[in-house]
There are 2 protein chains.
Amino acid sequence: MNYSEAKYEMIQQWGVLGSSWGINKTEAQIHGLLMISPEPLSVEDIMEELKISRGNVSMSLRSLMDWGIVHKRFKLNERKEFFESEKDVWKLATKVAQERQKRELLPVIEMLTRIQNIKDPKATKEEVSEINTMSKALLKFANQSDKVLSKFSNADSSWFFSTLVKLIK
Amino acid sequence: MNYSEAKYEMIQQWGVLGSSWGINKTEAQIHGLLMISPEPLSVEDIMEELKISRGNVSMSLRSLMDWGIVHKRFKLNERKEFFESEKDVWKLATKVAQERQKRELLPVIEMLTRIQNIKDPKATKEEVSEINTMSKALLKFANQSDKVLSKFSNADSSWFFSTLVKLIK
DNA sequence: CTAAACTTTCAGAATAAAGTGAAACAAATT
DNA sequence: AATTTGTTTCACTTTATTCTGAAAGTTTAG
């Protein structure tokens with residue numbers, strides 16, 4: 001396998017992975033491209049490499065910057081803006097985890113908290129009992145997950161990996 | 001907040017969560033509905049409750065059964081089929097983790113393995129070096145994640161929570 | 001200040017995903 | 001074996017998401 005085949009594979013698969021993670025395909029591909037690029041790339045570079053429009057590249061870069069995994073960079077004596085990906089895999093993972101925690105876990109915890117301990121004479125005993133039992137169990141699980149994620153996000157990789165080694169033995 | 005408001009909230013929020021996890025909204029809502037239902041429900045029950053078509057309910061139930069989190073159930077002296085959700089939150093979480101590991105992590109590991117150690121005289125030294133460094137780092141991380149997930153999937157909840165307590169202290 | 005070079009935005013077009021409903025299929029009952 | 005009851009499929013419609021490209025906005029240099 002030569003370099004351009006490998007590059008193509010990487011970008012494509014990253015796109016597929018992104019899709020199943022709710023990140024759109026093009027965004028994920030741009031991220032994949034930046035990740036393996038030795039130099040920061042300009043909007044033009046990305047347009048050309050992935051054959052997508054200026055508007056799309058611009059929007060996607062903005063979104064990747066919102067995720068905190070792509071950064072603007074200026075080169076000396078160049079007006080143009082360049083973009084580079086976070087390359088530390090640990091930092092990438094924690095950034096993504098942090099964002100997902102914020103966007104997905106917190107709203108669920110908020111909802112589950114709101115519906116704790118329903119009492120309603122109009123509903124059957126079974127219905128009330130079931131929703132209370134489930135929402136309590138789910139909330140407990142969500143809170144545990146939240147704590148683990150917070151710990152994960154703030155930890156450094158060496159701590160985490162040494163813990164993992166113990167955990168998975 | 002009364003019972004039907006809570007039920008509505010739960011189903012809606014579960015739908016939103018599903019979407020951002022790549023599970024379609026309706027599927028997630030059906031799962032949410034089954035999760036808080038004290039009795040297994042029939043296709044008709046679900047159609048009526050969520051105002052969706054027979055075809056859609058049927059397809060969605062099939063997919064949820066593929067995930068392993070919804071099961072068919074027969075009631076005595078009833079020809080009709082009923083469906084119920086797995087209600088053990090721990091089992092739910094491990095099933096989902098298992099499926100995602102299989103659908104998402106394994107293909108990425110496969111790809112990263114294939115592109116290890118690219119050599120190509122036509123590409124620049126920097127390009128080759130960068131893709132090799134990144135793919136190696138990503139593969140290491142993916143393999144670690146795979147191990148953790150396997151451990152997680154096969155563990156029982158009591159082991160996991162006692163480990164967590166230590167981990168997050 | 002004006003022009004040139006570059007960047008961003010956004011309305012509408014294109015594409016993809018989800019949902020419908022009627023027809024085909026299957027099973028059980030008489 | 002015919003009818004009734006229930007289930008599944010799939011071509012088509014609807015809805016949602018993504019992408020384009022031209023216009024507006026910025027910045028820098030002369």
Side-chain angles (χ1 to χ4, degrees), chain A residues 11-34 39-67 70-84 103-104, chain B residues 11-34 39-67 70-84 103-104:
Chain A
I11 292 172
Q12 293 312 310
Q13 189 64 44
W14 216 241
V16 172
L17 186 68
S19 301
S20 61
W21 276 68
I23 295 157
N24 99 17
K25 197 187 67 181
T26 307
E27 267 175 47
Q29 289 184 338
I30 292 176
H31 179 252
L33 173 62
L34 291 175
E39 287 294 318
L41 300 179
S42 69
V43 170
E44 274 77 16
D45 295 334
I46 297 169
M47 284 170 66
E48 197 175 316
E49 188 79 50
L50 303 177
K51 309 282 181 237
I52 52 181
S53 71
R54 188 172 291 283
N56 196 359
V57 173
S58 169
M59 301 273 231
S60 299
L61 284 172
R62 170 178 297 272
S63 166
L64 288 167
M65 288 189 285
D66 289 345
W67 277 92
V70 163
H71 307 286
K72 262 190 193 165
R73 238 189 82 181
F74 295 95
K75 289 192 185 172
L76 276 178
N77 304 321
E78 288 243 35
R79 232 170 102 187
K80 209 185 277 199
E81 295 186 334
F82 291 84
F83 299 87
E84 68 181 353
R103 298 181 193 191
E104 297 160 23
Chain B
I11 291 172
Q12 293 312 311
Q13 188 65 46
W14 217 241
V16 172
L17 185 67
S19 301
S20 62
W21 275 68
I23 295 158
N24 101 13
K25 195 187 68 181
T26 306
E27 265 175 47
Q29 288 184 338
I30 292 176
H31 179 252
L33 172 63
L34 291 175
E39 288 294 317
L41 300 179
S42 68
V43 170
E44 274 76 16
D45 295 334
I46 297 168
M47 286 170 66
E48 198 174 315
E49 188 78 50
L50 303 178
K51 310 284 181 233
I52 52 182
S53 71
R54 189 171 291 281
N56 195 358
V57 173
S58 169
M59 300 273 230
S60 299
L61 284 172
R62 170 179 298 272
S63 165
L64 288 167
M65 287 189 286
D66 289 345
W67 277 91
V70 163
H71 308 285
K72 262 192 192 163
R73 237 189 80 182
F74 295 95
K75 289 191 184 172
L76 277 177
N77 305 320
E78 286 243 39
R79 231 170 102 189
K80 211 186 276 199
E81 294 186 336
F82 291 84
F83 298 86
E84 68 181 353
R103 298 181 193 190
E104 297 160 23

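Owing to the predicted nature of the structure, the values given are computational and were not obtained by experimental measurement. The chains referred to below are lettered A, B, ... by the order of the sequence lines, with proteins before strands, and numbering in each begins at 1.
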Given side chain to side chain contact (heavy atoms under 4.5 Å, CB included), test A/Leu33 with A/Gln29 step by step and report yes or no.
-> CA-CA 6 Å; A/Leu33 173 62; A/Gln29 289 184 338; over 6 Å; no
On DNA chain D, check which nucleotide each of A/Asn24 and A/Gly55 is closest to and give me the residue with the more 5' one.
-> A/Asn24
CA sep, side-chain torsions, deciding dist, call: A/Lys72, A/Phe82, side chain to side chain contact (heavy atoms under 4.5 Å, CB included) = CA-CA 6 Å; A/Lys72 262 190 193 165; A/Phe82 291 84; over 6 Å; no
Answer with base, sugar-phosphate or nothing: what part of the nucleic acid does B/Thr26 contact at a heavy-atom distance below 4.0 Å?
-> sugar-phosphate
Rounded to the Å, how far apart are A/Glu81 CD and C/dC6 C1'?
-> 9 Å
Rounded off to whole Å, could you give me the NZ-to-C1' distance for the A/Lys75 and D/dT28 pair?
-> 19 Å
Taking the side chain as every heavy atom from C-beta outward, state whether A/Phe83 and A/Ile30 have any pair of such atoms under 4.5 Å apart.
-> no
Looking at every strand, decide which applies to B/Arg62 at a 4.0 Å heavy-atom threshold: base, sugar-phosphate, or nothing.
-> sugar-phosphate
Check the distance between D/dT8's C1' and B/Lys72's NZ and give it to me in whole angstrom.
-> 10 Å
Examine the side chains of B/Ser42 and B/Asp45 and answer whether a donor and an acceptor come within less than 3.5 Å of each other.
-> yes
Checking C/dT20, C/dT8, D/dT8 against the side chain of B/Ser58 (C-beta onward), the nearest is D/dT8
DNA chain C: 5'-proximal contact among A/Met59 and A/Phe82 (nearest heavy atom) | A/Phe82
May I ask you to test the B/Arg54-B/Glu44 pair for a side-chain heavy-atom distance under 4.5 Å?
-> yes
Between P of C/dT15 and CG of A/Asn56, the distance in whole Å = 13 Å
Per nearest nucleotide of DNA chain D, the residue lying toward the 5' end, A/Arg79 or A/Arg54, is A/Arg54
Hey, is the side chain of A/Lys51 poking within less than 4.0 Å of OP1 or OP2 on D/dT20, counting only N and O atoms?
-> no
What does A/Glu44 touch in the nucleic acid at a heavy-atom separation under 4.0 angstrom: a base, only the sugar-phosphate, or nothing?
-> sugar-phosphate
Rounded to the Å, how far apart are B/Ile52 CD1 and D/dT15 P?
-> 15 Å
Roughly how many Å is it from CD1 in A/Ile46 to P in D/dC19, rounded to a whole number?
-> 14 Å
Find the distance B/Leu41:CG to D/dT7:P and express it as a whole number of Å.
-> 13 Å
Between C/dT7, D/dT7, D/dT20, which nucleotide has the shortest distance from any of its atoms to the side chain of B/Lys80?
-> D/dT7
Mind calculating the distance between CZ (B/Phe74) and C1' (D/dT5) to the nearest angstrom?
-> 15 Å
